[in-house]
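To start, the structure under review is shown below, and the notes come after it.
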Amino acid sequence: MSRHLLSFLLLAAALGGAACALAIRGGAPVPARMRAEGARYVGSEACRECHPALYDGWRRTRHPYQEQLATAEAVVAPFDGQPFTMDGVEMRAWEEGGRYFVRTLGPDGAMQDFPVLRTIGGFYKQRFVTEVEGHQAVLPVQWNHLTQHWKPYSAVGHETVGTGLFWASIENEWAPRCSGCHTVGAELEARADGGFDARYAELGVGCESCHGPASLHLADP
């Protein structure tokens, strides 16, 4: 590998890390100074008519599937209701009326049923976003698609209930930890309880994640 190529790759990695750090701290994937004044996000589908080959190529990557609504097309894990044990806790995952649920330890240390709102990934492994006590969080189990088994995602033992280590604690909520890299145009809004909600233009990593808001380009290519 040439010295120039290595320097370029290191710079690209550094810039990518900086972008994620910015998003996690509450900024947006496209910094304000880089936006065209008045530009809005329009979604990747709007790019398809003029850029069909690029759009189709993007759809064949893993980018669009980084986060999706929990539908039959998106869920790859077996939500068959069969119990499985994780870190000494017996859990279940099942589908009911087109909705998906996971039974696991809740914030009070008792078993609760949590609805799956969205999926994260699904090629190598898949994780699941739920709502708990007014905020969203990633459930403490994930499906390892390559080896076809459930495995822990975060601490689920009784000893972490009531602490910031527990999966359902506000310190582990989805918006500040995940939205910056898993959605397009994420911006955080502070809540009165000290947590954050995320506004975003599109789930997954879309065209505008790298190219920026496209409304002005769409109006005048």
Side-chain angles (χ1 to χ4, degrees), residues 4-5 7-76 98-99 116-123 126-131 134-138 173-192 195-221:
H4 293 297
L5 177 58
S7 298
F8 172 78
L9 292 174
L10 290 173
L11 176 61
L15 290 174
C20 277
L22 174 66
I24 290 172
R25 287 199 300 269
V30 182
R33 68 180 184 278
M34 296 176 65
R35 297 181 186 176
E37 186 175 354
R40 297 177 296 101
Y41 290 99
V42 295
S44 298
E45 194 66 31
C47 307
R48 186 176 192 174
E49 181 177 355
C50 295
H51 306 284
L54 292 173
Y55 177 90
D56 290 342
W58 165 74
R59 291 295 304 180
R60 288 194 295 270
T61 70
R62 297 184 176 93
H63 290 99
Y65 313 104
Q66 287 302 304
E67 188 141 347
Q68 303 177 85
L69 296 177
T71 64
E73 292 74 25
V75 174
V76 300
R99 299 181 66 198
V116 175
L117 305 179
R118 297 186 300 279
T119 63
I120 297 176
F123 290 87
Q126 188 167 74
R127 296 165 181 166
F128 310 96
V129 181
T130 190
E131 185 167 347
H135 67 271
Q136 295 182 2
V138 181
E173 66 176 342
W174 171 86
R177 292 173 60 89
C178 310
S179 65
C181 293
H182 284 261
T183 69
V184 178
E187 296 192 27
L188 299 184
E189 296 181 336
R191 298 193 309 269
F196 294 91
D197 292 324
R199 293 191 308 164
Y200 50 86
E202 183 179 4
L203 288 171
V205 179
C207 302
E208 293 165 298
S209 294
C210 294
H211 294 282
S215 62
L216 299 183
H217 172 67
L218 194 65
D220 185 8

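Please read all numbers here as calculations on a predicted model, not as lab measurements. FYI, the numbering just counts along the sequence from 1.
- Minimum interatomic distance between G122 and V76 (heavy atoms only, all atoms of both residues): O-CG2, 3.8 Å.
- Within the 3.5 Å criterion, the main-chain N or O of Q136 finds no donor-acceptor partner in the side chain of E131.
- Between the side chain of S44 and the backbone N or O of C207, at least one donor-acceptor pair lies under 3.5 Å.
- Here E45 contributes atom CD and R59 contributes atom CZ; the two are 7.5 Å apart, rounded to the nearest 0.5 Å.
- To the nearest 0.5 angstrom, F196 atom CZ is 13.0 Å from H135 atom NE2.
- For D220, the side chain to side chain contact (heavy atoms under 4.5 Å, CB included) test picks out no residue, with sequence neighbours left out.
- Pairing each heavy atom of L218 with each of A46, the nearest pair is CD1-O, 3.7 Å.
- L117 approaches T130 most closely through the heavy-atom pair CD1-C, 3.9 Å.
- Residue A201 comes nearest to Y41 through the heavy atom pair CB-CB, 3.4 Å, listed as atom of the first residue, atom of the second, then distance.
- C47 has its side chain out of reach of L54: every pair of non-hydrogen atoms, C-beta onward, lies at least 4.5 Å apart.
- In this structure, SG in C210 is found 11.5 Å from CH2 in W58, a value given to the nearest 0.5 Å.
- Counting heavy atoms of neighbouring residues, nucleotides and ligands inside a 6.0 Å radius, atom CZ of R199 does not exceed 12 of them.
- In this structure, the side chains of E67 and W174 come closer than 4.5 Å at one or more pairs of heavy atoms.
- Using cut-offs of 30° and 60° for the angle between ring planes, the H51 and H217 rings count as parallel.
- In this structure, CD on Q66 lies 11.0 Å from SG on C178, to the nearest 0.5 angstrom.
- Heavy-atom minimum distance, V205 versus V184: C-CG2, 4.4 Å.
- Counting heavy-atom neighbours within 6.0 Å of R99 CZ, excluding the residue itself, gives a total of 12 or less.
- Taking CD1 of I120 as the reference point, atom CD of Q68 lies at 11.0 Å (rounded to 0.5 Å).
- E49 is linked by a side-chain hydrogen bond (donor to acceptor under 3.5 Å, both in side chains) to nothing, counting only residues two or more places apart in sequence or in another chain.
- One distance of note links OG of S179 with CG of D197; it measures 10.0 Å at 0.5 Å rounding.
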